[in-house]
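Just the heavy atoms: all of them, side chains too, but no hydrogens, waters or symmetry mates, feed the values below.
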Amino acid sequence: MASTDLDANRARALGQELVAIHDWLRTELTRIRVNVAAYAAGSELRPTQLRAHCAALTRHHTGEDTAAFPALAGQFPELAPVLAELRTDHQLVADILRRLTELLDSIGPDNADTVRRELDGLAAILESHFRWEERRLVQAFDELEMGTRTGEELLGGTVAVDRMRSARD
């Protein structure tokens with residue numbers, strides 16, 4: 001297989017990797033929401049995965065903002081308004097993650113409901129963000145000339161890398 005064929009196959013897989021990362025983040029967030037709801041309802045098991053999820057989501061959005069979006073804008077300048085809106089979403093999500101991290105430092109039965117509401121808001125925003133991003137960018141990612149960049153650089157991780165990090169955290 002020629003180098004350009006390999007690059008094209010890597011790029012085509014990049015759009016699917018984006019979807020896979022989003023699916024993994026959705027699944028993890030659902031699991032965390034269930035654990036926080038159980039804790040708020042009196043379970044003695046403190047939810048501990050939230051910090052790792054926040055870190056994975058931050059890595060993903062940072063990778064997009066610093067590598068993927070500039071690469072997409074360079075090859076597809078017509079996507080500039082979409083990329084700007086997605087960056088704005090990333091800032092909104094970062095603000096929620098900061099609040100969640102602060103709440104997590106003192107999570108207890110008296111504020112678990114507040115954490116649950118923040119998670120519900122995060123889930124709603126992320127679902128809308130992920131769906132829109134997937135509709136607007138998967139095809140562009142599939143056509144992106146990656147050069148020497150990796151999926152991990154562009155997307156802030158891969159599903160396999162994020163699973164390993166999550167298991168370690």
Pairwise side-chain contact, I96 with R99, heavy-atom cut-off 4.5 Å (strictly under): yes
4.5 Å side-chain heavy-atom contact, E64 and L86: no
Within 6.0 angstrom of R131 CZ, more than 12 heavy atoms from elsewhere: no
Residue E127 excluded, over 12 heavy atoms near CD under 6.0 Å: yes
For [X] versus [Y], what's the shortest heavy-atom pair and its separation?
| X | Y | result |
| --- | --- | --- |
| A71 | R149 | CB-NH1, 3.4 Å |
| R51 | T101 | NH1-CG2, 3.6 Å |
| A140 | L79 | CB-CD1, 3.7 Å |

Side-chain ion pair, E133 and R87, N-O less than 4.0 Å: no
Distance (rounded to the nearest 0.5 Å) between [X] [atom1] and [Y] [atom2]:
| X | Y | atom1 | atom2 | value |
| --- | --- | --- | --- | --- |
| L97 | L104 | CG | CG | 11.5 Å |
| L100 | L50 | CG | CG | 5.5 Å |
| L18 | F130 | CG | CZ | 8.5 Å |
| L144 | L137 | CG | CG | 10.5 Å |
| F141 | R136 | CZ | CZ | 13.5 Å |

Output yes when a side-chain donor or acceptor of [X] lies under 3.5 Å from a complementary backbone atom of [Y], and no otherwise.
| X | Y | answer |
| --- | --- | --- |
| E153 | T150 | yes |
| T88 | A84 | yes |
| Q75 | E143 | yes |

H129 and H22 aromatic ring geometry - parallel, tilted or perpendicular at 30°/60° bounds: tilted
Residue from I21, L25, T62 passing side chain to side chain contact (heavy atoms under 4.5 Å, CB included) with L57: L25
Proximity of F69 and H90 rings by center, below 6.0 Å: yes
Sequence-distant partners of R33, salt bridge (charged side-chain N to carboxylate O under 4.0 Å, His left out), two or more places apart: D120
